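Report on one structure; see the data block that follows.
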Amino acid sequence: MTTDAAPKPAARPSSLPVKPRIYSGIQPTGRPHLGNDLGAIRNYVALQDRYEAIYCIVDYHALTHVHDPEVLRRQTLEMAAALIALGLDPERCTVFVQSDRPEVTELCWLFNTVTPVGWLQRTPTYKEKRANQPDDVNHGLLTYPVLQAADIALPKASLVPIGKDQAPHLELSREIVRAFNARYGVTFPEPQAVYTEAPTVLGTDGVKKMGKSVGNTIEVLAEPDVIRKQVMSMVTDTQRIMRSDPGRPQVCNVCQMHRFFGDDYEEIWEGERTARTGCVDTKKLLAERIIAHYAPARETYRELMADPVRLRRILDEGAERIRPIVEATMTEVRERMGLR
Ligand code: TYM
């Protein structure tokens, strides 16, 4: 897989990992939402057995919009606890915090020198972020995808489980790696995205992608009452005005979510179509199913958060485990580029 995409397959360096390596990053936004889990984390968990998997909490990226040190530190630990609670097993995969392996910032700088600035200015997420924080258009926002490319390239990962919103970033990562390989010789595999069955999860508004900055999330590890409130606020089929109107499950976000929380979703959809059930019934059922589904994870999350020493040890071990991989890449890159 790694050689197929490389521009000069004949020049495949022996330093590429034999088994495809998985890498993905997630911002330390505290407790994850349903979009994170259905769109990405479920795949992190599924892939940890089949591949050498590395998962990172990207606190350097978060600095482009989180400026409170206490918040960043707390949310980093919360995300670590959440990932483990949701099924990442530190014995079977590597979980680490980005700033614990600062080599990535060096690789980011080196990648900056092969990245035309026009590529970055055209990135849709850059335009979005500029619009979201007009008073804080820091350089980090522009170079954000270069750091992401460096994240993936540092362990020479070839597969990247992500949601669809990250597709433009992954495309840029591929282009950056290709530019590097073309200038300095084939060093990195061109990474490919791996999507779940829910690559884009809509928020409670039923219109925008679920995201913390939009405020339309369902927080999967929150207390049951919070989840109930969030689910009950969901917008359903906007054309179904009266209880007796037939519903359209194919356009109803609540009905769509039922697909991931039980095998009987077609029955639920039929109830909507025939107006046997109302939107409120369907939402109540969804809330209870989400609460039940995440109950064990909620418990583990609580236990982990009560033991920050254990959590920090897991993260320290993760950063230590990938040290040799990272150092080997950096030695090779420095040599290829003419650095000492
Ligand atoms: P982040 O932290 O915004 O999201 C983490 C993961 O969750 C997915 N996701 C969604 N999937 C479907 N529907 C949604 N509503 C939804 N919201 C979030 C994201 O696609 C992502 O996979 N830039 C990245 C972090 C990053 C990274 C990397 C990812 C940094 N370096 C290297 C992969 C590889 C981000 O902000 O994700």
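Quick caveat, the model's predicted, so the values are computed rather than measured. Whatever order the structure lists ligands and atoms in, that order sets their numbers, starting from 1.
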Closest non-hydrogen protein atom to [atom], residue and atom name please, with distance?
atom                    : value
atom 5 (C) of ligand 1  : Ile26 CG1, 3.4 Å
atom 29 (C) of ligand 1 : Gly25 O, 3.3 Å
atom 31 (N) of ligand 1 : Asp151 OD2, 2.7 Å
atom 37 (O) of ligand 1 : Gln166 NE2, 3.7 Å
atom 2 (O) of ligand 1  : Gln27 N, 2.8 Å
atom 18 (C) of ligand 1 : Asn36 ND2, 3.3 Å
atom 10 (C) of ligand 1 : Gly35 O, 3.4 Å
atom 19 (C) of ligand 1 : Asp165 OD1, 3.4 Å

Inset, instruction - Would you check if Glu78 and Tyr301 make a side-chain contact, meaning some heavy-atom pair closer than 4.5 Å? - result: yes

Legend entry - Polar contact flag for Lys164 and ligand 1 (N/O pairs, less than 3.5 Å): no

Legend entry - Within-cut-off N or O pair, Ser24 and ligand 1, under 3.5 Å: no

Legend entry - Side-chain donor-acceptor contact under 3.5 Å, Asp59 with Ser99: yes

Inset, instruction - For the residue pair His293 and Phe261, categorise the inter-ring angle as parallel (less than 30°), tilted (30 to 60°) or perpendicular (more than 60°). - result: perpendicular

Inset, instruction - On the 0 to 90° scale, with breaks at 30° and 60°, tag the Tyr184-Phe180 ring pair as parallel, tilted or perpendicular. - result: tilted

Legend entry - Separation between OG1 of Thr277 and CD1 of Ile268, rounded to the nearest 0.5 Å: 8.5 Å

Inset, instruction - Check for a donor-acceptor pair, side chain of Arg174 on one end and backbone N or O of Pro191 on the other, with a separation under 3.5 Å. - result: yes

Legend entry - Sidechain-backbone polar pair: Gln48 side chain, Leu88 backbone, donor-acceptor under 3.5 Å: no

Inset, instruction - Nearest heavy atom to atom 15 (N) of ligand 1 wins, so pick from Ile57, Ile22, Val201, Thr217. - result: Val201

Legend entry - Intermediate values then yes/no, salt bridge (charged side-chain N to carboxylate O under 4.0 Å, His left out), Lys156 and Glu332: CA-CA 12 Å; Lys156 299 198 176 187; Glu332 182 186 355; 2.6 Å; yes

Legend entry - Near-ring test Tyr144/Tyr126, centroid separation under 6.0 angstrom: no

Legend entry - Contact check, Gly211 vs ligand 1, heavy-atom distance below 4.0 Å: no

Inset, instruction - Say whether Gln98 and ligand 1 are in contact under the criterion: heavy-atom distance to a ligand atom below 4.0 Å. - result: no

Inset, instruction - Taking only heavy atoms of Val160 into account, list the atoms of ligand 1 that are under 4.0 Å away from them. - result: 33 (C), 34 (C)

